[in-house]
Amino acid sequence: MRIAGTVSESIVDGPGLRLTVFTQGCPHRCPGCHNPQTHDPAGGREESTAALLARYAADPLLDGLTLSGGEPMEQAAECAALAEAVHALGGNVWVYTGWRYEALVQESDPARLRLLAAADVLVDGPYVESERSLELRWRGSRNQRLIDLDATRRTGRLTLLTE
């Protein structure tokens, strides 16, 4: 897996303490992006999902895993494998993506659908600098949504996370 880096006990990328993995490579290249160093798909470094899982498993304080970017959907198969393994350890999984949920479902890419199935919450939509707000919880711009994927799967209707 190609990553830009990790944060071992993040408190800003979802609830509780989280291992945040910043994937490398992003086709969106949103103006004003908080992580522009993650855009180049050739940047960053290789790290195995096994090594990332071992880092997660070694920290008993962690509540979950956050996959951010870059763009996790560009490495959906690897991210899905990591997410499934974290679930098996009892953790929850958040995924940030510049794509909208509806577009991901409609394109029907098997690896991306597998990652959606392995995630509990999806923060979707591109970062829009004109909609930036420091008052938002767990996202950078007003157009981004916090989608409760568990509830969405249960009800069959897109359900936003109630904060």
Side-chain angles (χ1 to χ4, degrees), residues 1-26 28 30 33-35 38 44 47 49 51-105 109 111-128 132-155 157-163:
M1 186 171 175
R2 193 147 208 64
I3 68 168
T6 62
V7 175
S8 294
E9 291 183 350
S10 173
I11 59 169
V12 297
D13 300 309
L17 288 177
R18 315 188 66 72
L19 172 63
T20 299
V21 177
F22 294 95
T23 60
Q24 186 68 38
C26 183
H28 307 294
C30 301
C33 175
H34 184 69
N35 300 320
T38 67
E47 189 152 350
T49 55
L52 292 167
L53 180 61
R55 186 174 308 158
Y56 180 87
D59 188 341
L61 299 177
L62 293 176
D63 296 296
L65 168 73
T66 296
L67 297 165
S68 191
E71 175 55 69
M73 292 296 169
E74 291 294 288
Q75 300 181 68
E78 296 88 345
C79 288
L82 181 58
E84 291 162 354
V86 166
H87 266 247
L89 295 175
N92 64 71
V93 177
W94 282 45
V95 176
Y96 283 75
T97 181
W99 280 289
R100 298 298 261 182
Y101 171 78
E102 296 86 351
L104 291 167
V105 170
D109 176 275
R112 290 178 176 182
L113 292 176
R114 180 177 166 210
L115 178 53
L116 287 176
D120 299 290
V121 173
L122 183 73
V123 183
D124 81 335
Y127 171 74
V128 177
R132 176 179 188 243
S133 173
L134 297 177
E135 296 173 6
L136 297 171
R137 197 168 188 194
W138 299 316
R139 60 197 185 278
S141 58
R142 286 181 188 85
N143 64 296
Q144 295 172 315
R145 303 177 293 182
L146 300 172
I147 300 172
D148 183 334
L149 291 174
D150 293 329
T152 297
R153 286 186 285 267
R154 250 189 338 272
T155 65
R157 292 188 344 235
L158 189 134
T159 305
L160 298 180
L161 183 70
T162 55
E163 297 180 59

Minimum side-chain heavy-atom gap [X]-[Y] below 4.5 Å:
| X | Y | value |
| --- | --- | --- |
| Arg137 | Leu146 | no |
| Thr23 | Glu74 | no |
| Met73 | Trp99 | yes |
| Trp94 | Leu161 | yes |
| Arg145 | Arg100 | yes |
| Leu67 | Leu115 | yes |

[X] versus [Y], closest heavy-atom pair with distance:
| X | Y | answer |
| --- | --- | --- |
| Asn35 | Gly69 | ND2-O, 3.0 Å |
| Asp59 | Glu9 | OD2-OE2, 2.6 Å |
| Tyr96 | Val12 | OH-O, 4.4 Å |
| Val105 | Leu113 | CA-CD2, 4.1 Å |
| Leu62 | Leu19 | CD2-N, 3.6 Å |
| Thr38 | Gly70 | OG1-N, 2.6 Å |

Under 3.5 Å, side chain of [X] to main-chain N/O of [Y], donor-acceptor pair present?
| X | Y | answer |
| --- | --- | --- |
| Thr152 | Thr159 | yes |
| Asn92 | Asp63 | yes |
| Gln144 | Gly140 | yes |
| Asp148 | Thr162 | no |
| Asp124 | Thr97 | no |

Quiz item: Knowing that exactly one of Leu104, Ile147, Val95, Asp109 qualifies, which makes a side chain to side chain contact (heavy atoms under 4.5 Å, CB included) with Leu116?
Solution: Leu104

Self-check item: Gap separating the CZ atom of Arg18 from the OG atom of Ser68, nearest 0.5 angstrom
Solution: 11.0 Å

Quiz item: Would you find more than 12 non-hydrogen atoms of other residues, nucleotides or ligands less than 6.0 Å from Arg132 atom CZ?
Solution: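 Not buried by this count: 12 neighbours or fewer within 6.0 Å.
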
Practice problem: Kindly check if the number of other-residue, nucleotide or ligand heavy atoms within 6.0 Å of CD1 (Ile11) is above 12? | Solution: no

For residues 75-82, which side-chain donor-acceptor pairs fall under 3.5 Å, sequence neighbours excluded?
from  : atom 1 : to    : atom 2 : distance (Å)
Gln75 : OE1    : Arg2  : N      : 2.8
Gln75 : NE2    : Arg2  : O      : 2.7
Gln75 : NE2    : Gln24 : O      : 3.2

Quiz item: Can you tell me if Thr20 and Asp13 form a side-chain donor-acceptor pair at under 3.5 Å?
Solution: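 Side chains of Thr20 and Asp13: pair found under 3.5 Å.
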
Practice problem: Determine, for Glu71 against Arg112, whether the closest basic-nitrogen to carboxylate-oxygen distance falls under 4.0 angstrom. | Solution: no

Quiz prompt | Pairs involving residues 80-89, ordered by first then second residue, that meet salt bridge (Lys or Arg N to Asp or Glu O under 4.0 Å) (sequence neighbours left out) | solution =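 Sorted result for residues 80-89: Glu84-Arg114.
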
